[in-house]
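The structure under discussion appears below in the form of structure tokens.
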Amino acid sequence: ATARFGWIGHLSLLANGTLLLADAHNNRLRTLQGGTVASYSGSTFGFNDGSLASALYKNPYAFDITSTNTIYLADHGNHRVRKIEAGMVTSIGSGVPGHQDGPLATARFHSPIAVALASNGDIYVTDYRNHCIRKISNGQVSSVTACQASCTTTVGGPVASAQLCSPKSITIDGSGAIYVWGGDQPIYNRVLTRIAGGQATIVAGGGTNTEFTPGRATDTALIDDVTQGQQLAVGPGGHIYFTQAVSARSVNVIVRFSY
């Protein structure tokens with residue numbers, strides 16, 4: 001009842017049933033178990049690898065967890081992806097903001113904000129200020145979609161040339177299709193994009209309304225404030241669920257999308 005949070009960017013269950021939360025604005029991961037909130041890792045705003053107790057983060061927004069309880073975390077302000085395994089925190093990426101593919105130690109991200117794990121162990125990252133999706137696989141970082149310094153319009157098409165403006169949330173369904181939710185301004189760039197079969201397809205959003213309207217996916221269903229940390233998840237039956245802040249009415253909604 002007395003615990004306080006800054007900004008919860010993501011939450012998920014550990015193997016033991018403990019709820020793990022990314023408290024982005026407090027620069028730490030926290031746990032909730034048995035009615036008690038505790039710090040899991042992180043303290044002050046900064047950077048440090050090492051033990052859970054000594055590791056430091058800058059606005060850690062979202063993470064994903066493997067079946068063996070390894071955590072991959074998008075450390076937004078440190079421009080890195082952090083790996084938490086066996087009580088130790090290590091880094092993927094040099095920490096220098098920018099775009100560079102290659103080995104894990106020298107690759108560059110620019111404000112990564114979310115991660116999703118594929119069934120084959122590949123890690124997909126929404127590289128927010130590079131406006132693209134990156135992949136971590138076999139010790140290398142590569143670009144899945146076209147990366148660019150700025151972006152004004154989300155454009156589908158062949159994956160290698162597709163443009164995703166300000167990608168935020170990401171999830172992967174049972175077939176391996178990747179769903180990405182993002183786009184800040186203008187309103188019509190707030191879209192849900194599906195990446196599968198070598199193509200990136202805008203499957204929802206892109207309208208001009210400022211109120212959430214259920215029903216038809218394009219133009220009207222998904223168009224409100226994407227700056228409020230929306231989360232994507234795959235549910236039973238392959239339905240895609242995500243949270244949406246409807247700023248005009250100061251309420252939140254959970255949307256189910258079927259493709």
Side-chain angles (χ1 to χ4, degrees), residues 9-10 22 24 27-29 41-66 68-151 158-172 176 178 180 182 193 195 198 200:
H10 188 83
N27 307 300
R28 66 192 71 198
L29 296 176
S41 183
S43 55
T44 58
F45 185 80
F47 169 75
N48 191 52
D49 280 338
S51 67
L52 292 177
S54 63
L56 298 177
Y57 312 92
K58 293 180 181 179
N59 303 131
Y61 273 100
F63 58 87
D64 205 351
I65 307 174
T66 71
T68 58
N69 236 31
T70 298
I71 301 166
Y72 288 93
L73 170 71
D75 192 352
H76 185 69
N78 277 316
H79 310 289
R80 292 174 166 98
V81 174
R82 313 292 289 276
K83 180 181 179 180
I84 304 173
E85 185 176 42
M88 298 298 292
V89 181
T90 56
S91 291
I92 298 171
S94 68
V96 178
H99 175 262
Q100 182 173 313
D101 288 337
L104 303 185
T106 57
R108 294 184 180 185
F109 300 92
H110 198 171
S111 305
I113 204 166
V115 298
L117 301 175
S119 59
N120 65 354
D122 289 346
I123 304 160
Y124 290 86
V125 183
T126 51
D127 197 351
Y128 181 69
R129 296 198 183 279
N130 279 320
H131 304 282
C132 63
I133 306 303
R134 312 287 292 282
K135 181 172 76 171
I136 302 169
S137 180
N138 297 318
Q140 297 283 316
V141 177
S142 60
S143 299
V144 178
T145 60
C147 297
Q148 51 205 328
S150 62
C151 183
V159 171
S161 59
Q163 300 176 25
L164 276 63
C165 292
S166 305
K168 289 195 172 181
S169 302
I170 186 169
T171 193
I172 302 174
I178 301 169
V180 181
T193 303
I195 300 174

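As the structure is a computational prediction, the values presented were derived from the model and not from experiment.
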To the nearest 0.5 angstrom, please state how far the CD1 atom of Ile123 sits from the CD1 atom of Ile92.
5.0 Å
Starting at CG of Asp127, measure out to OG of Ser166 and round the result to the nearest 0.5 Å.
11.0 Å
For Leu117 versus Thr66, what's the shortest heavy-atom pair and its separation?
CD1-CG2, 3.4 Å
Side chain to side chain, Asp101 and Gln140, heavy atoms closer than 4.5 Å:
no
Looking at side-chain heavy atoms only, is the closest gap between Ile195 and Thr145 below 4.5 Å?
yes
Measure from the side-chain N and O atoms of Ser94 to the backbone N and O of Arg108, and report whether any donor-acceptor pair falls under 3.5 Å.
no
d(Gln148 CD, Arg129 CZ) to nearest 0.5 Å is 14.0 Å
State whether the side chain of His76 and the backbone N or O of Pro60 hold a donor-acceptor pair below 3.5 Å, judged by distance alone.
no
Tell me, do Ser41 and Arg28 make a side-chain contact under 4.5 Å, heavy atoms counted?
no
Please check this pair: side chain of His79 against backbone of Ser111, looking for a donor-acceptor N/O pair closer than 3.5 Å.
yes
First locate atom CG of Asp49, then atom CZ of Arg82, and finally report the distance between them rounded to the nearest 0.5 Å.
4.5 Å
Please list, chain by chain and in numerical order, all residues satisfying ring-ring contact (aromatic ring centres under 6.0 Å, His included) with His10, sequence neighbours excluded.
Phe63
Measuring from His131:NE2 to Cys147:SG, what's the distance to the nearest 0.5 Å?
10.0 Å
Could you tell me which non-hydrogen atom of Ala200 sits nearest to which non-hydrogen atom of Val159, and how far apart they are?
N-CG2, 4.0 Å
Under the ring-ring contact (aromatic ring centres under 6.0 Å, His included) test, residues paired with His99 that sit two or more places apart
none
Do any N or O atoms from the side chain of Asp75 and from the backbone of Val81 form a donor-acceptor pair under 3.5 angstrom?
no
Give me the atom names and distance for the closest heavy-atom approach of Val144 to Lys135.
CG2-CB, 3.7 Å
Can you tell me how far CG of Asn48 sits from OG of Ser91, rounded to the nearest 0.5 angstrom?
9.0 Å
Heavy-atom side-chain contact between Leu52 and Val89 under 4.5 Å
yes
I need the minimum non-hydrogen distance between Arg134 and Ser143, along with the two atoms involved.
NE-OG, 3.4 Å
For the residue pair Ile170 and Tyr124, what are the closest heavy atoms and their distance?
CD1-CB, 3.8 Å
Is there a donor-acceptor pair closer than 3.5 Å between any side-chain N or O of Thr126 and the backbone N or O of Ala114?
yes
Could you tell me whether a side-chain N or O of Arg80 sits under 3.5 Å from a main-chain N or O of Thr90, the two making a donor and an acceptor?
no
Under 3.5 Å donor-acceptor, Asn120 side chain and Asp122 backbone:
yes
Return the minimal non-hydrogen interatomic distance between Ala74 and Ile113, and the atom names on each side.
CB-C, 3.5 Å
Answer yes or no: is there a donor N or O on one side and an acceptor on the other, between the side chain of Asn27 and the main chain of Thr44, under 3.5 Å?
no
